[in-house]
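One structure is given here, and the rest of the page talks about it.
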Amino acid sequence: MSSETLEKGYEPQEVERRWYAFWEENGLFAAREEDGAPGYAIVIPPPNVTGVLHMGHALNNTLQDILCRYRRLRGDNVLWMPGTDHAGIATQNVVERKLAQEGTDRHALGRERFIAEVWAWREKFGGAIIRQLKRLGASCDWARERFTMDEGLSRAVRQVFVDLYRQGLIYRGFYIINWCPRCRTALADLEVEHEETDGRLYHIRYPFPGGKGGITVATTRPETMLGDTAVAVNPDDERYRGLTAAAVILPLMQREIPIIRDAYVDMGFGTGGLKVTPAHDPNDFEIARRHDLPSVKVIGDDGRMTEAAGRFAGLDRFECRVRVVQELTEAGLLEKSEPHRHAVGHCYRCKAAVEPNLSRQWFVRARPLAEKAIAAVKQGETRIIPENWAATYFDWLENIRDWCISRQIWWGHQIPAWTCAGCGEVAVALEAPAACPRCGETRLTQEEDVLDTWFSSALWPFSTMGWPEETRLLKTFYPTSVLVTGFDILFFWVARMMMMGLHFMQAVPFRDVYVHALVRDEDGQKMSKSKGNVIDPIDIIDRHGTDAFRFTLAAFAAQGRDVKMSEKRVEGYRNFINKLWNAARFALMHIDRRRELPAPRALSLPDRWILARLSRAVAESARAIDAYRFNDAAGVLYAFVWHEVCDWYLEAIKPALHGKLDAAARDRSLAVLWRVLHDTLILLHPFVPFVTEEIWHKLPGTQGSIMRAVFPGDGAAAAALPPDPSAEADMGVLIDVISGIRTIRGEMGIPPGMALEAVVHPATAEARSLIEDHRELIANLARLRALAVTGSPERPRASATAVMPGATVFVPLEGIIDFKRERERLGKEFTRTEAELASVAKKLQNQDFLAKAPAEVVAKVKDQQQELAEKLQKIRANLDKINTYDSPS
RNA sequence: GGGCGGAUAGCUCAGCCGGGAGAGCGUCGGCCUUACAAGCCGAAGGUCACAGGUUCGAUCCCUGUUCCGCCUACCA
């Protein structure tokens with residue numbers, strides 16, 4: 001008996017805590033940077049410090065952990081670089097909400113104290129998501145954990161800003177940007193979420209100064225008319241060809257504004273008249289530049305109307321819309337208003353309606369950077385998997401617009417630009433200059449704005465490794481091996497890392513980008529930090545264990561399809577973990593030590609068979625992981641463990657283990673069992689790290705952590721298992737025979753407790769000796785008290801029949817069952833076989849098929865026909881016998 | 001407006017290069033067979049959305065249609 005035994009049911013909680021601590025204490029997650037050889041590296045998509053682990057994180061990090069643990073087992077020096085993101089707007093919002101609860105706000109505190117508050121918040125709560133990642137089993141190299149506001153990373157940010165500025169790739173200017181009146185900051189185009197909204201389209205008449213007639217314009221935002229500085233028509237528009245008036249009167253404001261002609265105006269839309277509001281519409285802004293029109297900003301940064309809006313000043317923008325419409329109606333200038341569905345932009349952080357607003361911001365000139373990012377993927381330096389995402393990537397980069405990087409918030413990297421109080425010179429530098437480089441003035445004020453959070457994230461693959469220093473870490477691990485990410489941040493993050501990595505490192509940041517699906521909520525909505533529709537994975541872990549949860553995620557991580565998580569599914573895989581546990585428990589009741597694997601010739605058929613199947617599982621699961629087909633790998637291992645090892649192998653060797661055969665047979669099976677359990681644990685470890693580590697330590701002959709194990713076939717210690725197709729084929733015949741008997745038992749309603757006799761008629765001489773040699777095995781697994789092998793195809797009287805390719809099985813049932821059932825059963829089988837045969841025969845009658853199909857396909861179909869014909873013939877013979885001899889009772 | 005993805009068993013979904021439709025859960029029947037009832041044995045259940053086309057052969061490739069989802073977009 002074994003020295004170690006396992007409890008009857010697997011209890012994950014205690015096991016998980018124990019082994020995670022063990023791994024950390026023993027430095028098993030640590031990357032070796034002294035190695036000269038390139039390592040395998042993944043940088044984590046840094047979760048927001050404000051983040052709480054959601055399903056998306058769980059999936060994302062489980063996949064990364066599977067890759068990292070797998071590569072370690074395959075002998076790679078693995079770096080999984082962890083860290084968190086300072087998440088400017090999100091974090092500022094969280095802390096501001098906290099301040100609001102305390103009855104204060106950031107303006108009362110002032111910038112410095114507010115930032116201190118954020119750091120304090122981060123100290124207290126910022127580690128939550130890291131602790132959650134640890135519960136998920138993430139094998140990150142935690143000693144290297146980084147934060148995007150760390151001194152080192154801030155240094156990298158300043159360096160990049162200064163370099164890009166000097167290279168003319170960062171500039172400052174007045175442009176229309178997306179403004180969030182709630183967060184009171186500019187947003188990048190990407191940070192605006194468009195949502196189809198039912199609004200109204202208002203047709204407003206702008207009268208000519210003479211009083212008669214006018215031009216009708218259409219707008220969805222009538223309040224912006226207060227800031228109109230022109231009305232535009234298309235120069236080719238016949239309707240305005242003979243127009244004499246050069247201006248119109250802007251209603252409500254009674255301001256005279258010019259009529260201009262611009263090809264941008266769509267003649268087909270409405271009356272062909274376009275109101276021009278340069279301060280609040282990006283197109284109008286462009287038109288205004290072409291025609292040298294002034295801008296009037298009527299909506300302020302707080303979303304209220306400005307002084308320029310005259311008597312509407314101080315009104316909220318939406319109230320103002322109501323008032324403007326009302327007054328236009330009263331003045332008889334509102335010609336009509338109709339329902340209109342259009343896309344309205346919302347802030348991706350707070351969901352407030354975004355206002356296009358004229359303002360002075362900093363921009364990155366994106367096109368030159370984008371070109372390199374496009375080329376790198378086109379040339380295959382970086383692969384995007386699945387590759388259909390490449391098209392999306394190209395499309396965005398090819399149409400990229402300059403990136404607005406300044407944010408009017410306080411939490412983030414303050415822009416390293418200083419304005420001279422004397423001459424107004426703007427100095428961009430790594431550190432605050434002592435004096436103005438132009439006039440020597442010492443009073444300089446730093447730019448108030450901070451950088452877009454994604455600016456620092458874009459540097460993550462090299463800033464975390466010590467750039468701009470030329471570190472050994474960079475030398476060993478840059479470019480990283482793969483980036484694992486959801487497609488929702490393909491543009492936000494991946495494309496920008498490509499641009500920055502190529503520009504500053506002259507090399508792509510990663511060889512592969514594996515884009516996984518999103519975990520959506522039950523309404524098909526994306527789960528996101530800000531929407532608040534997250535389901536807590538930790539609950540699932542608490543209830544069912546991390547391993548069950550991870551295996552579920554992996555099993556559903558099919559490429560290109562969203563993952564819908566349900567607790568029911570986790571329960572299914574929890575059962576799998578328990579199955580594995582109990583299989584190990586059974587094995588460890590018998591295994592007392594490691595035994596060398598005997599030569600294949602010496603082994604029993606089940607032994608040879610399971611080793612052949614193991615060899616296949618090794619190859620197939622490895623191939624699947626290499627191709628990022630996590631669900632395939634999980635599926636292969638699940639089926640191998642449950643349906644081959646447990647359902648067949650363990651059952652097959654029970655007699656040997658229980659000493660019913662000779663001691664040598666027992667030893668041989670124990671050697672095989674040891675090897676199967678040993679290798680299976682290693683194969684499963686990347687998916688279910690905790691339970692495999694636990695069992696590993698109970699398995700005699702293992703040393704240290706399973707994390708240090710060698711992947712099956714990789715090491716000199718244990719040679720790769722050779723394939724063994726003949727064992728697979730032979731065992732297949734036995735499985736068929738056993739299943740055939742079981743089916744008869746099941747369908748005829750014979751209780752499993754009742755031992756039966758069976759007669760087998762093998763189809764060939766080989767099958768005959770195979771079956772004779774494994775009479776005991778068949779009898780055990782099919783619960784027979786006797787098994788006879790006959791050379792005669794004659795059906796014994798009063799028996800049920802099962803016809804397989806290798807053999808025909810008869811189960812005499814005299815007095816046990818009534819033969820109506822057997823007749824029905826065989827009749828059904830006959831019909832089914834007949835139909836199959838008909839379809840195959842039809843194919844073979846087709847001359848085109850015979851002439852054009854590949855020879856091997858034709859041969860295969862002919863074999864099928866042969867097989868089916870024989871089967872049909874046997875079934876018919878049996879049916880005939882039932883009808884003549886076993887006449888209905 | 002442009003683009004992408006999906007439609008396969010009651011449910012949730014696999015199905016790589018076109019060559020006899022799969023899993024899990026659920027359902028039905030039978031089992032406390034000394035690893036596991038979180039289990040074991042067996043069964044039923046599908047016009048692979050629809051219409052064409054290519055092919056000897058289509059769930060798979062092409063075209064179109066319908067429905068669903070997503071991404072993207074400066075027509076007011």
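Each chain gets a letter, A, B and so on, in the order the sequences are listed, and its residues count up from 1. Not measured: the values here are computed from a predicted model.
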query = 5'-most contact on RNA chain B: A:I738 or A:F586, nearest heavy atom basis?
reply = A:F586
query = With rounding to whole Å, what would you report as the distance between B:rC36 and B:rC17 at their C1' atoms?
reply = 40 Å
query = How about A:E776: does its CD atom have over 12 heavy atoms from other parts shown lying under 6.0 Å from it?
reply = no
inquiry  = For A:Y514 and A:F630, I'd like to know if the aromatic rings sit close, meaning centre-to-centre distance below 6.0 Å.
reply    = yes
request  = Ignoring the backbone of A:D266, work out which of B:rC75, B:rC40, B:rG42 is nearest its side chain.
outcome  = B:rC75
task = For nucleotides B:rU65 and B:rG6, find the distance between their C1' atoms and express it as a whole number of Å.
result = 16 Å
key: Any strand: nucleotide that pairs with B:rC4 via Watson-Crick or wobble, under 3.5 Å   = B:rG69
Spacing of A:K275 atom NZ relative to B:rC75 atom C1', expressed in whole Å = 14 Å
query = Can you tell me how far P of B:rC70 sits from CD of A:E193, to the nearest Å?
reply = 12 Å
request  = Would you indicate what A:R629 reaches in the nucleic acid, counting non-hydrogen atoms under 4.0 angstrom: base, sugar-phosphate, or nothing?
outcome  = nothing
ask   = Roughly how many Å is it from CH2 in A:W389 to P in B:rU72, rounded to a whole number?
value = 10 Å
query = When you check the side-chain N and O atoms of A:Y175 and A:D402, is any donor under 3.5 Å from an acceptor?
reply = no
Among B:rA35, B:rU72, B:rC56, the one nearest A:L190 by side-chain distance = B:rU72
message = Heavy atoms only, 4.0 Å cut-off, all strands: where does A:H643 land among base, sugar-phosphate and nothing?
response = sugar-phosphate
ask   = Are the side chains of A:V494 and A:V515 in touch, meaning some heavy atoms are under 4.5 Å apart?
value = no
key: Protein-nucleotide distance (A:D647, atom CG; B:rU33, atom P), rounded to Å   = 17 Å
query = Which is true for A:K842 with a 4.0 Å heavy-atom rule: it touches a base, it touches only sugar-phosphate, or it touches nothing?
reply = nothing
task = Write down the distance between CG (A:N575) and P (B:rG24), rounded to a whole number of angstrom.
result = 12 Å
query = Base, sugar-phosphate, or nothing for A:L868, non-hydrogen atoms under 4.0 angstrom?
reply = base
query = Taking atom C1' in both B:rG46 and B:rA23, what distance in whole Å separates the two?
reply = 14 Å
query = A:N846 near the nucleic acid: base, sugar-phosphate alone, or nothing, with a heavy-atom cut-off under 4.0 Å?
reply = sugar-phosphate
ask   = With no angle test and no hydrogens, is the base of B:rA43 tied to the side chain of A:K828 by a donor-acceptor pair under 3.5 Å?
value = no
task = Mind checking A:P854 for me? I need base, sugar-phosphate or nothing, with any heavy atom below 4.0 Å counting as a touch.
result = base
message = Taking pairing as Watson-Crick or G-U wobble with both contacts under 3.5 Å, can you name the mate of B:rA44, or confirm there isn't one?
response = none
ask   = Given that A:L201 and A:T392 both sit by RNA chain B, which one's nearest nucleotide is further toward the 5' end?
value = A:T392
key: Candidate nucleotides B:rC13, B:rG42, B:rC25, ranked by approach to the side chain of A:E747 - the nearest   = B:rG42
key: Atom P, compared across B:rC68 and B:rG29: separation rounded to whole Å   = 39 Å
ask   = B:rC71 P sits how many Å from A:I489 CD1, rounded?
value = 14 Å
request  = Return no unless some side-chain N or O of A:W642 is found under 4.0 Å from OP1 or OP2 of B:rC40.
outcome  = yes
ask   = A:T743 has a side chain; which of B:rC40, B:rA43, B:rG19 sits nearest to it?
value = B:rA43
task = Among the candidates B:rC41, B:rA35, B:rU33, find the nucleotide nearest to the side-chain atoms of A:R783.
result = B:rU33
inquiry  = Measuring only the P atom in each nucleotide, how far is B:rG20 from B:rA38? A whole number of Å is fine.
reply    = 40 Å
request  = Write down the distance separating the C1' atoms in B:rC60 and B:rU8, rounded off to the nearest Å.
outcome  = 12 Å
task = Classify the side chain of A:K579 and the base of B:rC36 as holding, or not holding, a donor-acceptor pair under 3.5 Å.
result = yes
task = Could you check whether the rings of A:W642 and A:F576 sit parallel, tilted or perpendicular, using 30° and 60° as the cut-offs?
result = parallel
Sole candidate of A:W389, A:W396, A:Y393 that passes ring pair (Phe, Tyr, Trp, His ring centres under 6.0 Å) when paired with A:F487 = A:W389
task = Before accepting this row, confirm whether a basic side-chain N of the pair A:R832/A:E829 lies closer than 4.0 Å to the acidic partner's carboxylate O.
result = yes
request  = Report the glycosidic orientation of B:rC16: syn if within 90° of 0, anti in every other case.
outcome  = anti
task = Both distances under 3.5 Å, Watson-Crick or G-U wobble: report the partner of B:rG24, or none.
result = B:rC11
key: A:A853 side-chain proximity, nearest of B:rG42, B:rC56, B:rA35   = B:rC56
task = Could you please name the partner base of B:rC56, counting Watson-Crick and G-U wobble pairs only when both distances are under 3.5 Å?
result = B:rG19
ask   = On a whole-Å scale, what distance lies between the C1' atoms belonging to B:rA35 and B:rG26?
value = 27 Å
ask   = Does A:R221 reach the main-chain N or O of A:H280 with its side chain, forming a donor-acceptor pair under 3.5 Å?
value = yes
ask   = When rounded to the nearest Å, what value does the distance between C1' atoms of B:rG10 and B:rA51 take?
value = 28 Å
ask   = Under 4.0 angstrom, heavy atoms only, what part of the nucleic acid is A:R832 near: base, sugar-phosphate, or nothing?
value = sugar-phosphate
task = Check whether any side-chain heavy atom of A:Y240 lies under 4.5 Å from a side-chain heavy atom of A:N234, and answer yes or no.
result = no
ask   = Base, sugar-phosphate, or nothing for A:E651, non-hydrogen atoms under 4.0 angstrom?
value = base
message = Base, sugar-phosphate or nothing for A:A343? Non-hydrogen atoms, less than 4.0 Å.
response = base
task = Choose from B:rC13, B:rG20, B:rA38 the nucleotide whose nearest atom is closest to any side-chain atom of A:N578.
result = B:rA38
query = Nearest to the side chain of A:N582 - B:rC13, B:rC36, B:rG42?
reply = B:rC36
message = In this structure, how many angstroms lie between the C1' atom of B:rC16 and the CD1 atom of A:I625, rounded?
response = 16 Å
query = Can you tell me if A:Y348 and A:E191 form a side-chain donor-acceptor pair at under 3.5 Å?
reply = yes
key: Base-pairing mate for B:rG39 - Watson-Crick or G-U, with both contacts under 3.5 Å   = B:rC31
ask   = Whole-Å distance between B:rC75 C1' and A:H194 NE2?
value = 14 Å
note = From the candidates B:rC13, B:rA35, B:rA38, the one with an atom nearest any side-chain atom of A:L650 is B:rA35
request  = Under 4.0 Å between any heavy atoms, over every strand shown, what does A:V265 touch: base, sugar-phosphate, or nothing? Just pick one.
outcome  = base
note = Winner on side-chain proximity to A:V857, out of B:rG19, B:rC71, B:rC13, is B:rG19
ask   = Which part of the nucleic acid, if any, lies within contact of A:R574, taking any heavy atom under 4.0 Å across all strands shown: a base, the sugar-phosphate backbone alone, or nothing?
value = base
